[in-house]
Q: 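There's a structure below that I have some questions on.
When a ligand or atom number is given, it counts from 1 through the structure's own listing order. Since the structure is predicted, the reported quantities are computational estimates derived from the model, not experimental observations.
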Amino acid sequence: MQTVSEVKIYKNFIDNEWVDSESHETIKSINPAQKNEVVGYLQKSTKQDLEKAVQSAHKAKKSWRKLGQAARGQLLFKAANLIEENLDDIAETMTREMGKTLPEAKGETARGVAILRYYAGEGMRKNGDVIPSSDQDALMFTKRVPLGVVGIITPWNFPVAIPIWKIAPALVYGNTVVFKPATEAAVTAAKVVECFVKAGIPEGVLNFITGSGSVIGQALIDHPLLNGISFTGSETVGEQVAASAAARGIKYQLEMGGKNPVIVTKDADLDAAVEAVISGSFRSTGQKCTATSRVIVETEVYDQFKEKLIQATENITVGDGLKEGIWMGPCASESQFNTVKRYIEQGKQEGASLIYGGEQLTGGDYDNGFYIIPTIFDEVTPDMVIAQEEIFGPVICLMKAANLDEAIEIANYTKYGLSASIFTSNIGSLLEFIDEIDAGLVRINAESAGVELQAPFGGMKASSTGSREQGEAAKEFYTSIKTIFIKG
Ligand SMILES: NC(=O)C1=CN([C@@H]2O[C@H](COP(=O)(O)OP(=O)(O)OC[C@H]3O[C@@H](n4cnc5c(N)ncnc54)[C@H](OP(=O)(O)O)[C@@H]3O)[C@@H](O)[C@H]2O)C=CC1
Ligand SMILES: O=C(O)CCC(=O)C(=O)O
């Protein structure tokens, strides 16, 4: 039995110091695979704590900018090495805190290291262009400059990769940061921040604050000293971020989810398609904004595909992600678990045919966690709620299409446009798909999830707003351009 004294209390990091909240209250982060296990206690911060964090970032703005891009890059290299040294501990914490399996958590942490090294390299790359002036005696060039203080609000589903793909470019391009992680995964985030601190991040440059999104998250997005905000999470909060940022004319970047389709044409390699659909839909328990949630199959191969899909789903082992041999962990929280169960009930009520799963797992250790059997709905029609709203759980909606045109029409019939994939061996079909699909991430004969750190990431329609994240695209968001004209 765990005792309170065995569980660590994590502090905020403000103005180069690990500090308690003024509230003197904490919030517990629990293990969704063993709900009686507390992974850590976090500060229940107040608006006053947030004020200190923003003031600290504001104070550090000038010196961090003046340090120069190369030195900032060196610091990121150090942080990357420290995260690599602590990879096993960070990954295990992630699995305990939000349920993703340990191999996935290790993969994500290694990805965090790679992202940091990519942006560390930016320290030595150009930050402007020389442009010919119409005046032959003049020199004209652009210089990218930091925005200033950037707020970073992240979700719980990628507690290492998402914070790093926002914090690393923010820092290397010269911004100071106030980072508010999702409460569900804040212990993992604290361990990442510890690596930046050990790497020697200067005073005030990176501030870490935990607590309720509606209190400190809201105070952060409304803060007058904020110069930019990057957010990943729900559409509801995203809209609030946009409204607040637009009212003050500051830059904002939102990534808010998807309802990602996979099209399987009659000439596709069905085994490859099944493998990709299983991975895209059920890895991370379906809790990825790039997860596959609608599978649209041409009539000729529909039954064959369905049979193969059910067979493959039967082999999935569900359980505590720390245990060997487990392929899919629990939902990350009780609230996410309840959301998924609610959507499954909704699917049944609106007439979709439940052909696999659809229930929570019970008995033994399952009673201590938030486990759902991977679920497949057949006979889903495009207007159903389960075909329209983001479920963020291990649920597939199978849909039939008479031909490619109809499949693309169904695929586009959603407010989202993050990722989309097609399985086909016909070059004409794949070219048509590339042109006609409304998605920021277009994948051919590959699963819908799968983001590469060096390429732009983001979606169309309601999935994203603002410039893309990752790769070179991040520079667009985290900098502003000065055009300089020097007359000789
Ligand atoms: N695009 C994606 O990758 C993600 C999409 N989602 C979608 O959102 C749904 C709900 O998930 P949920 O975790 O509740 O998402 P939220 O949007 O509520 O949370 C995301 C982040 O925003 C913070 N936050 C919450 N309220 C505010 C606010 N008013 N102002 C500023 N920040 C705030 C949260 O803090 P705190 O944790 O303290 O509440 C968290 O850090 C999921 O079912 C899924 O559909 C969720 C996560 C990721
Ligand atoms: O698929 C990925 O690797 C990233 C997905 C993502 O950004 C998200 O789920 O929030």
Q: Between Trp156 and Phe392, does the ring centre distance come in under 6.0 Å?
A: yes

Q: Using a 4.0 angstrom limit on heavy atoms, which residues are close to ligand 1?
A: Ile153, Thr154, Pro155, Trp156, Asn157, Lys180, Pro181, Ala182, Thr183, Gly211, Ser212, Gly213, Ser214, Gly217, Gln218, Ile221, Phe231, Thr232, Gly233, Ser234, Val237, Gln240, Glu255, Met256, Gly257, Cys289, Gln336, Glu390, Phe392

Q: For the residue pair Lys288 and Phe158, would you count it as a cation-pi contact if the rule is NZ or CZ under 6.0 angstrom from the ring centre and within 45 degrees of the ring axis?
A: no

Q: For Ser335 and Asn338, test the side chains for any donor-to-acceptor distance below 3.5 angstrom and give the result as yes or no.
A: no

Q: For the pair Phe179 and Phe208, name the ring-plane relationship: parallel under 30°, tilted 30 to 60°, perpendicular over 60°.
A: tilted

Q: Output yes when Glu447 and Arg283 qualify as a salt bridge under the 4.0 Å nitrogen-oxygen rule, no when they do not.
A: no

Q: Is it true that the side chains of Tyr10 and Glu194 contain a donor and an acceptor less than 3.5 Å apart?
A: no

Q: Could you give the N/O to N/O pairs under 3.5 Å linking ligand 2 and the protein, each with its distance?
A:
| unit_1 | atom_1 | unit_2 | atom_2 | d |
| --- | --- | --- | --- | --- |
| ligand 2 | 1 (O) | Thr290 | OG1 | 2.6 |
| ligand 2 | 3 (O) | Arg111 | NH1 | 3.0 |
| ligand 2 | 3 (O) | Arg111 | NH2 | 2.7 |
| ligand 2 | 9 (O) | Asn157 | ND2 | 2.8 |
| ligand 2 | 9 (O) | Cys289 | N | 2.5 |
| ligand 2 | 10 (O) | Asn157 | ND2 | 3.3 |

Q: Using 30° and 60° as the class boundaries, would you call the ring planes of Trp18 and Phe13 parallel, tilted or perpendicular?
A: tilted

Q: Identify whether the distance between the nearest side-chain nitrogen and carboxylate oxygen of Glu97 and Lys191 falls below 4.0 Å.
A: no

Q: For the residue pair Tyr371 and Tyr366, categorise the inter-ring angle as parallel (less than 30°), tilted (30 to 60°) or perpendicular (more than 60°).
A: perpendicular

